[in-house]
Protein chains: 2
Amino acid sequence: MSTPETLKKQTCTSHCPCGTYCPLSAALSLIGGKWKIPIICALKQDGPTRYNELKRKITGITNTMLASSLKELESNGLICRRQYDEMPVRVEYSLAGPAEDLIPVLSQFALWGKQMHDQAAPAARE
Amino acid sequence: MSTPETLKKQTCTSHCPCGTYCPLSAALSLIGGKWKIPIICALKQDGPTRYNELKRKITGITNTMLASSLKELESNGLICRRQYDEMPVRVEYSLAGPAEDLIPVLSQFALWGKQMHDQAAPAARE
DNA sequence: CAGTATCCTCGTGGATACTG
DNA sequence: CAGTATCCACGAGGATACTG
């Protein structure tokens, strides 16, 4: 497993009042971007999943984005890439331990989002 | 308090496998962007804070970004803007209830980020 | 099948100047 | 003091074609 470069030097990009190293910014950067969360959700729901399977399930994602997102997630230790040298090649991605730990946090987050939504427009339900 | 437009129609921008409405994406979008988190952190630490005070504390932020971020946060009900009609004008921003509820979630998140950091490079401490 | 390689668009965010 | 108004740079993300 390679060393997560992004984590080492994350310092709130020096705009955050919380000192030199900000674990919050660091955490956010790990799941930032447009596709990381959807990927994590998909892997959480369905377990080990192949590349093209992911591409089908995550509506709208392109090869470029899927490949690069998977690479980042893997290099940060959030997902595992397992390659079976069959013919043709088979590659499966799955959530790694740290990502599993993240799930409950994301759930809390989603819960908060839901509360926001419900109390914001209790009547204006459409 | 105005109605948060972003919340109403948040649907994972249709790339997330979690159905038509995704509270997680909705939540993320509320604190997304480069400066919302730093602003929330600053307000959490120091309580009600004036515009220029915020600008000084949040290193590197510009008027454009501070103003627009504050506006979004306010329109989504995350912060309160209170204006004192003194001379010259005084405006103070503070965290609203929903944002207070968010703090513990963010703390959990930060904790996870810290764990990631510690276990990722336990020796390569610099 | 599981990706790379290129090229390009567009929106976030930055710089600067100005104002009620 | 607390912002707006403009203009602009850049990089994340998208489209398309190709490959081991």
Side-chain angles (χ1 to χ4, degrees), chain A residues 5-6 10 12-16 25 28-40 42-43 46 48-76 79-94, chain B residues 5-6 10 12-16 25 28-40 42-43 46 48-76 79-94:
Chain A
E5 285 301 324
T6 44
Q10 191 76 32
C12 291
T13 38
S14 76
H15 52 256
C16 186
S25 285
L28 254 347
S29 79
L30 292 182
I31 60 164
K34 191 173 177 182
W35 299 106
K36 304 249 183 83
I37 293 268
I39 290 173
I40 291 175
L43 291 180
D46 305 332
T49 313
R50 306 178 59 166
Y51 182 91
N52 277 316
E53 228 177 322
L54 276 175
K55 205 169 98 182
R56 252 174 276 116
K57 288 192 175 157
I58 303 176
T59 320
I61 198 170
T62 60
N63 271 331
T64 328
M65 279 299 101
L66 181 52
S68 75
S69 302
L70 287 173
K71 198 165 283 179
E72 285 180 46
L73 286 171
E74 192 203 0
S75 82
N76 286 328
I79 64 175
C80 294
R81 192 195 109 112
R82 182 161 299 172
Q83 174 167 346
Y84 301 88
D85 280 335
E86 307 166 350
M87 204 47 179
V89 204
R90 194 172 105 221
V91 177
E92 282 186 353
Y93 292 92
S94 55
Chain B
E5 285 302 323
T6 44
Q10 192 75 30
C12 290
T13 39
S14 75
H15 52 256
C16 186
S25 284
L28 254 347
S29 81
L30 291 182
I31 60 164
K34 191 172 177 182
W35 299 105
K36 304 251 184 82
I37 293 268
I39 290 172
I40 292 176
L43 291 180
D46 305 332
T49 312
R50 306 178 60 167
Y51 181 91
N52 278 316
E53 229 175 321
L54 276 175
K55 205 169 96 183
R56 253 174 275 116
K57 289 192 175 157
I58 303 177
T59 319
I61 199 170
T62 59
N63 271 332
T64 327
M65 281 299 102
L66 180 52
S68 74
S69 301
L70 287 172
K71 198 165 284 180
E72 285 181 47
L73 286 170
E74 192 202 0
S75 83
N76 287 326
I79 65 175
C80 293
R81 192 194 110 114
R82 183 161 299 170
Q83 173 167 346
Y84 302 88
D85 280 336
E86 306 168 352
M87 206 43 181
V89 204
R90 194 173 104 218
V91 177
E92 281 187 352
Y93 292 91
S94 56

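Order of the sequence lines sets the chain letters (A, B, ...), proteins ahead of strands, with each chain counted from 1.
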Rounded to whole angstrom units, what separation is found between the CG atom of B:Leu70 and the P atom of D:dA2? 11 Å
Please step through side chain to side chain contact (heavy atoms under 4.5 Å, CB included) for the pair B:Leu70 and B:Glu74, ending with a clear verdict. CA-CA 6 Å; B:Leu70 287 172; B:Glu74 192 202 0; over 6 Å; no
Measure the distance from CD on A:Glu53 to P on C:dG3 and round it to the nearest whole Å. 13 Å
Nearest-Å distance, OH (A:Tyr84) to C1' (C:dA2)? 15 Å
Round to the nearest Å and state the distance from A:Ile39 atom CD1 to C:dA2 atom C1'. 14 Å
Interatomic distance, B:Asn52 CG vs D:dG3 C1' [rounded to whole Å]: 9 Å
Closest nucleotide among D:dG3, D:dA2, C:dC1 to the A:Arg50 side chain: C:dC1
Find the distance A:Lys55:NZ to C:dA2:P and express it as a whole number of Å. 10 Å
Student check: side-chain heavy atoms of A:Asn63 and A:Tyr51 closer than 4.5 Å: yes
Which heavy atom of A:Val91 sits nearest a heavy atom of A:Arg81, and at what distance? CG1-CG, 3.7 Å
B:Glu92 CD to D:dG3 P, in whole Å, measures 12 Å
Not counting sequence neighbours, which residues clear side-chain contact (heavy atoms from CB on, under 4.5 Å) with A:Ser94? List them please. A:Pro48, A:Cys80
What are the two closest non-hydrogen atoms of A:Ala42 and A:Leu54, and how far apart are they? CB-CD2, 3.9 Å
Would you check, one step at a time, whether the test side chain to side chain contact (heavy atoms under 4.5 Å, CB included) holds for A:Ile39 with A:Lys36? CA-CA 5 Å; A:Ile39 290 173; A:Lys36 304 249 183 83; 5.7 Å; no
Where are the stems of DNA chain D, defined as at least 3 consecutive Watson-Crick or wobble G-U pairs with both distances under 3.5 Å? C:1-20 with D:1-20
Taking A:Ser75 for its side chain and A:Glu72 for its backbone only, find out whether a donor-acceptor pair lies under 3.5 Å. yes
Atom CD1 of A:Ile58 and atom P of D:dG13 are separated, to the nearest Å, by 14 Å
Compare every heavy atom of A:Val89 with every heavy atom of A:Gln83, then report the nearest pair and how far apart it is. NE2-CG1, 3.5 Å
Determine, for nucleotides 4-20 of chain C in 5'-to-3' order, which nucleotides have protein heavy atoms under 4.0 Å from the base (write B), from only the sugar-phosphate (write S), or from neither (write -). BB-------BSBBB---
Less than 4.0 angstrom between a side-chain N/O of B:Arg81 and OP1 or OP2 of D:dG3, yes or no? yes
Sidechain-backbone polar pair: A:Ser69 side chain, A:Leu66 backbone, donor-acceptor under 3.5 Å: no
